[in-house]
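Contents: one structure, followed by commentary.
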Amino acid sequence: MFFCNSRRDVMERKYDFKAIEAKWQAYWEANNFYKVTEDPAKPKYYDLEMFPYPSGNLHMGHVRNYAIGDVVARFKTMQGFNVLHPMGWDAFGLPAENAALKNNIPPAQWTYSNIANMKSQLKTLGISYDWDREIASCKPDYYKFTQWLFLKLYENNLAYKKRAAVNWCPSCQTVLANEQVINGSCERCDTNVDKRQLEQWFFKITDYAQRLLDDLEMLPGWPEKVKIMQRNWIGRSEGLEFSMDIEGSDEKLTVFTTRADTVFGVTYMVFAPEHPLVEKLVAGTAEEATVKDFVARIKLQSDISRTSTDVEKEGIFTGRYAINPVNGERVPIWLANYVLMDYGTGAIMAVPAHDQRDFEFARKYAIPIRVVIQGPDSPGAPEAMIEAYTGDGIMVNSAAFNGLPVEDGKKAVIKFMEEKGWGKGTVNFRLRDWLISRQRYWGAPIPLVYCPECGMVPVPEKDLPVELPLDVEFKPTGESPLNYVESFYKTSCPCCQGEARRETDTMDTFVCSSWYFDRFCDPNNSEMPFGETAVDYWMPVDQYIGGVEHAILHLMYARFFTKFLYDIKLLKCEEPFTNLLTQGMVLKEGSKMSKTKGNVVSPEEIINTYGADTARLFILFASPPERDLEWSDQGVEGSYRFLNRVWRLVMEYADQIKDVPLSDRHGELDDEARQVYFKTHATIKKVSDDIQERFNFNTAVSAIMELTNTLNAYRDNPAPNMAVVKEGIVNLLLLLSPFSPHITEEMWQAVGFADSIHLQKWPVYQPEALVQDELEIVVQISGRVRDRITVPASASEGDMRERALASDRIKPLLEGKTVQKVIVVPGKLVNIVAR
RNA sequence: GCGGGCGUGGCGGAACUGGCAGACGCGCCGGAUUUAGGUUCCGGUGGAGAGAUCCGUGGAGGUUCAAGUCCUCUCGCCCGCACCA
């Protein structure tokens with residue numbers, strides 16, 4: 001056969017991915033390929049993947065994350081952007097301490113050796129990182145500024161300490177933020193979380209609630225899903241806060257309600273059992289003992305049972321009455337488990353007719369129900385109700401307000417209360433302040449000192465970092481070892497120089513990750529967290545890529561930090577991440593890879609067997625990035641076969657096209673060459689659009705495969721047009737290079753180029769290549785395809801219609817029928833409606 | 001319960017603004033090369049039918065010359081939130 005010889009030649013230069021990948025990785029590194037600096041002459045592009053926790057090994061989720069990021073980085077670089085693409089380590093955290101206990105290795109050592117291991121694994125992937133910017137949040141030169149930022153927050157009254165009922169994980173022996181409690185259990189170890197009254201550090205994120213909510217509007221590049229989750233988490237609600245007198249007491253009962261319009265329907269009041277007034281109100285009354293018992297019992301209930309809808313509501317009457325200011329009515333004050341201390345004022349007005357929770361409670365304890373909103377089909381009589389009526393309607397039984405519809409009624413009642421001085425319109429948020437202190441060792445120490453004379457004193461900036469001692473002993477008590485390191489906690493007061501004690505709590509790791517993207521802009525600055533010129537040039541991040549599991553936690557905290565840094569004029573942007581891509585999980589056999597399920601595929605093994613280029617290509621080809629990806633060993637082999645096909649195709653032609661000049665004018669082409677030329681440019685267009693507009697890497701890869709198939713088929717041509725072949729191959733390599741950077745680099749060299757493929761410009765398609773003289777169009781009769789005809793591209797609608805009706809296959813089918821209508825879609829189809 | 005997403009061949013997935021459903025890949029079937037296996041190459045591959053054709057995008061209706069795509073109802077799966085007053 002015609003190709004026998006050349007094919008054998010090709011076999012001799014097999015695709016040796018191991019050698020090729022090692023060779024080019026070394027070359028790129030030796031030549032500082034991916035090092036970037038600020039260059040005002042070029043447009044910048046900041047491409048960032050969420051930095052990993054150094055658990056020790058790369059998993060497929062990481063590979064997917066970084067493969068996506070690298071395609072973006074390489075694509076943008078080729079388009080002429082100055083691309084910042086850094087990598088680092090979110091290196092503080094509890095696993096290091098657990099490992100220390102288990103294996104008797106200090107957390108620092110464990111962490112650094114994991115980093116070294118993961119870094120070498122990461123390097124085998126051939127991602128275009130500027131490793132000179134590598135950071136690790138556990139290093140003193142980094143956490144110095146985490147502490148510095150803490151001090152800035154403290155100075156601005158955004159960091160404070162308070163005693164509060166907080167989530168405590170008995171297994172991790174530390175407190176947790178609300179965001180870290182999943183269904184009442186610790187997000188890490190699944191242990192049930194209790195509530196404890198402890199002195200803890202908080203960041204006042206609630207001061208930013210409104211801005212965090214409003215500015216979501218400024219993020220069209222974020223998935224709607226994530227924005228909705230954040231909106232829900234922030235949970236803004238507008239309403240009325242007002243106070244009522246308590247009979248026989250000087251104290252007032254203050255409540256928040258979103259249903260001011262139902263205030264005439266109040267039949268009882270409820271305090272949260274933890275409410276500070278409760279003890280005072282029952283002191284010395286007949287109810288004191290039973291109320292105290294009740295409070296003690298409810299406090300024991302975990303948060304899950306308190307906040308779950310299917311737990312039965314229970315309560316107790318306090319013996320006290322409040323006076324409803326709008327009608328002077330005396331209403332009983334209860335305590336109930338369904339009222340939470342940390343939302344609103346910790347007390348509510350109960351309107352059983354129009355609130356389902358109050359309705360259930362009232363029915364259970366035989367408390368009266370009074371209808372004050374009449375809907376078009378709501379039952380008027382309380383006895384007839386089987387559930388609360390929460391729909392629209394008009395106010396009834398509400399004195400001067402009768403007849404007002406719900407929305408107007410709310411406004412009118414608020415206005416009335418404000419005029420009387422009883423209350424005011426307010427806004428409440430579900431978002432709570434961020435609890436950032438942890439009773440753990442492996443974290444950034446909170447830079448604070450307790451002095452018996454001066455009280456709480458922040459560590460002066462010049463004394464930062466407060467270094468974490470590395471020679472600590474882990475005792476199985478679970479307590480932070482910092483409490484036992486005298487050289488750490490024993491210190492002198494910055495104010496009076498007297499003996500003082502350091503704060504031994506450390507910061508939540510989410511604090512470290514709330515500003516690392518700023519640090520990447522200027523990672524070696526020893527004076528400041530980052531320099532102005534660097535962040536002004538690079539920030540905000542143009543494309544952020546990571547798992548959706550951070551939709552609230554990290555992404556909300558990072559937004560908060562950015563706004564704070566904007567306010568203190570360290571940043572000029574108010575939002576850190578312009579575009580966000582939340583990638584799907586990597587699944588095997590339909591479920592998430594996990595050791596317990598035994599369905600883990602190791603990236604190391606895959607890279608060993610098929611190479612990084614294949615691994616990356618498969619991951620990008622198998623599924624669009626936002627969707628979950630089903631891992632398939634056979635699919636990986638398919639990608640490997642494809643790269644081998646490209647290799648053979650290019651290598652077979654390499655010598656023949658080396659000296660063919662690359663031109664974009666081909667003159668007259670025969671049909672087959674013309675097709676190759678067309679396909680080449682159609683592919684450039686499609687791949688560019690798929691990457692740029694939609695991040696649909698899977699369809700981009702399939703287009704590249706199609707071009708490969710076209711070029712392969714053209715090999716059968718006995719007299720090929722080598723200029724067209726060269727153009728096709730050159731573009732094939734350029735388009736494939738962001739996906740599989742090593743093999744394309746090797747082939748680029750083989751076809752005779754001296755410069756790296758990664759320094760080339762992204763190809764631009766020629767519109768004239770896509771112009772076709774003739775088009776194949778579909779001819780339908782009543783919506784069913786009956787023929788395909790070829791028409792000149794210039795054919796008018798009338799022309800197309802005539803040609804379709806004149807078609808040999810169409811004519812007999814129309815016999816005996818009347819053509820009622822003909823629809824012509826230029827360039828696409830003709831539909832003949834006939835009966 | 002509320003909010004969001006997804007249902008398309010044996011499988012992963014295409015079909016961007018309503019205009020040829022199933023691109024590309026996997027798998028499978030047949031053939032060539034090979035002593036054989038593997039690799040590679042060629043051809044086929046939604047279902048039914050000998051055929052022209054007919055049926056097909058979770059299900060039922062509807063709008064339209066034309067529906068995977070738009071509308072109404074409905075079923076199933078996944079994710080998030082869940083007494084927030």
Side-chain angles (χ1 to χ4, degrees), chain A residues 1 3-4 7 10-11 14 183 223-229 231-233 235-237 239 255-259 262 270 272 304-311 313 336-340 342-351 355-358 360-361 428-432 548-549 551-552 584-585 590 618 621-624 626-639 641-642 644-645 648 686 689-690 693-694 696 698-706 708-709 712 716 776-785 788 820-825 827-834:
Chain A
M1 287 294 267
F3 290 113
C4 279
R7 214 169 267 151
V10 168
M11 295 305 282
K14 232 183 135 257
N183 287 329
E224 209 49 48
K225 175 193 165 88
V226 173
K227 289 191 276 188
I228 289 168
M229 283 167 75
R231 271 186 208 113
N232 291 342
W233 189 262
R236 182 183 195 276
S237 46
V255 298
F256 173 74
T257 179
T258 55
R259 293 297 304 272
T262 63
V270 189
I304 348 153
S305 42
R306 280 289 295 282
T307 58
S308 156
T309 35
D310 42 49
V311 157
K313 294 169 183 31
N337 60 345
Y338 74 96
V339 175
L340 308 172
D342 55 2
Y343 183 77
T345 60
I348 62 158
M349 64 175 214
V351 184
D355 181 288
Q356 186 58 24
R357 297 156 298 180
D358 299 345
E360 287 168 25
F361 192 84
N428 244 289
F429 292 95
R430 215 186 74 119
L431 181 73
R432 312 285 150 81
V548 73
E549 65 273 17
I552 308 179
M585 288 186 298
F618 167 70
F621 175 60
S623 186
E626 307 86 347
R627 219 184 294 181
D628 287 347
L629 181 154
E630 175 65 27
W631 185 266
S632 152
D633 291 333
Q634 285 168 330
V636 180
E637 290 205 41
S639 296
R641 279 205 292 268
F642 167 70
N644 272 285
R645 266 200 302 279
R648 286 193 304 271
K686 171 138 181 74
D689 288 351
D690 282 353
E693 312 290 339
R694 318 194 294 162
N696 277 9
N698 55 330
T699 51
V701 173
S702 83
I704 296 171
M705 287 172 168
E706 285 185 56
T708 308
N709 293 344
N712 251 328
D716 287 336
E776 192 188 66
I777 62 157
V778 165
V779 183
Q780 298 179 328
I781 296 177
S782 302
R784 292 176 177 278
V785 180
R788 287 150 215 276
Q820 295 173 315
K821 200 172 176 185
V822 178
I823 286 126
V824 179
V825 182
K828 290 222 167 110
L829 61 74
V830 176
N831 188 10
I832 302 160
V833 187

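Below, read A as the first sequence line, B as the second, and so on, with proteins coming before strands; counting in each chain starts at 1.
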Taking the side chain from [X] and the backbone from [Y], do they hold a donor-acceptor pair closer than 3.5 Å?
| X | Y | value |
| --- | --- | --- |
| A:N696 | A:T699 | no |
| A:N337 | A:K313 | no |
| A:D358 | A:V351 | yes |

Handout entry: NZ/NE/NH1/NH2 to OD/OE distance under 4.0 Å, A:R694 and A:E626
Key =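 Salt bridge absent between A:R694 and A:E626.
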
Problem - Residues A:D355 and A:R259 bridged, charged N to O under 4.0 Å - result: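 No, no charged N to carboxylate O under 4.0 Å.
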
Give every pair of a protein N or O atom and an N or O atom of nucleotides 3-12 of chain B that lie under 3.5 Å apart, one pair per line with the distance.
unit_1 : atom_1 : unit_2 : atom_2 : d
B:G12  : O2'    : A:A622 : O      : 2.8

Handout entry: Nearest-nucleotide 5' precedence on RNA chain B, A:K686 against A:V825
Key =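 Closer to the 5' end of RNA chain B: A:K686.
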
Handout entry: Closest-nucleotide 5' rank along RNA chain B - winner of A:W233 and A:D689
Key =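 On the 5' side of the pair lies A:D689.
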
Regarding [X], tell me which of base, sugar-phosphate or nothing describes its non-hydrogen contacts under 4.0 Å with the strands shown.
| X | answer |
| --- | --- |
| A:S632 | nothing |
| A:S237 | sugar-phosphate |
| A:G638 | sugar-phosphate |

[atom1] atoms of [N] and [M], separation to the nearest Å:
| N | M | atom1 | result |
| --- | --- | --- | --- |
| B:A67 | B:G58 | P | 15 Å |
| B:U69 | B:G37 | P | 48 Å |
| B:A15 | B:A23 | C1' | 8 Å |
| B:G10 | B:A48 | P | 10 Å |
| B:G46 | B:A21 | C1' | 10 Å |
| B:C65 | B:U53 | P | 25 Å |
| B:C54 | B:G3 | P | 43 Å |
| B:G43 | B:C24 | P | 12 Å |

Are [X] and [N] close enough that a side-chain N or O sits under 4.0 Å from OP1 or OP2?
| X | N | result |
| --- | --- | --- |
| A:R641 | B:G27 | yes |
| A:N644 | B:U40 | no |
| A:R259 | B:C84 | no |
| A:N712 | B:C41 | no |
| A:R648 | B:C41 | yes |

Practice task
Indicate syn or anti for B:G13, taking the glycosidic torsion and treating anything within 90° of 0 as syn.
Solution key: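 Base orientation relative to the sugar is anti.
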
Practice task
Ignoring hydrogens and angles, answer whether the base of B:C84 and the side-chain atoms of A:R432 contain a donor-acceptor pair closer than 3.5 Å.
Solution key: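 Side chain to base: pair found, below 3.5 Å.
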
Exercise for the section: Write down the atom of A:F256, the atom of A:S237, and the distance for their closest heavy-atom approach. Expected result: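 The answer is CZ-O, 3.7 Å.
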
d([atom1], [X]; [atom2], [N]) in whole Å:
| X | N | atom1 | atom2 | answer |
| --- | --- | --- | --- | --- |
| A:M585 | B:C77 | CE | C1' | 14 Å |
| A:N709 | B:C26 | CG | C1' | 14 Å |
| A:L829 | B:A66 | CG | C1' | 8 Å |

Exercise for the section: Tell me the stems RNA chain B sits in, counting at least three consecutive Watson-Crick or G-U wobble pairs, each under 3.5 Å on both distances. Expected result: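 RNA chain B forms these stems: B:1-7 with B:75-81, B:10-12 with B:24-26, B:27-32 with B:40-45, B:46-48 with B:53-55, B:58-62 with B:70-74.
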
Just the table, please: protein N/O against nucleotides 62-65 of chain B N/O, every pair under 3.5 Å.
unit_1 : atom_1 : unit_2 : atom_2 : d
B:C65  : OP1    : A:K821 : NZ     : 3.4
B:C65  : O2'    : A:N831 : ND2    : 3.4
B:C65  : O2     : A:N831 : ND2    : 2.6

Flag side-chain contact, heavy atom, 4.5 Å: [X] against [Y]:
| X | Y | value |
| --- | --- | --- |
| A:F618 | A:E637 | no |
| A:V339 | A:R357 | no |
| A:I704 | A:F621 | no |

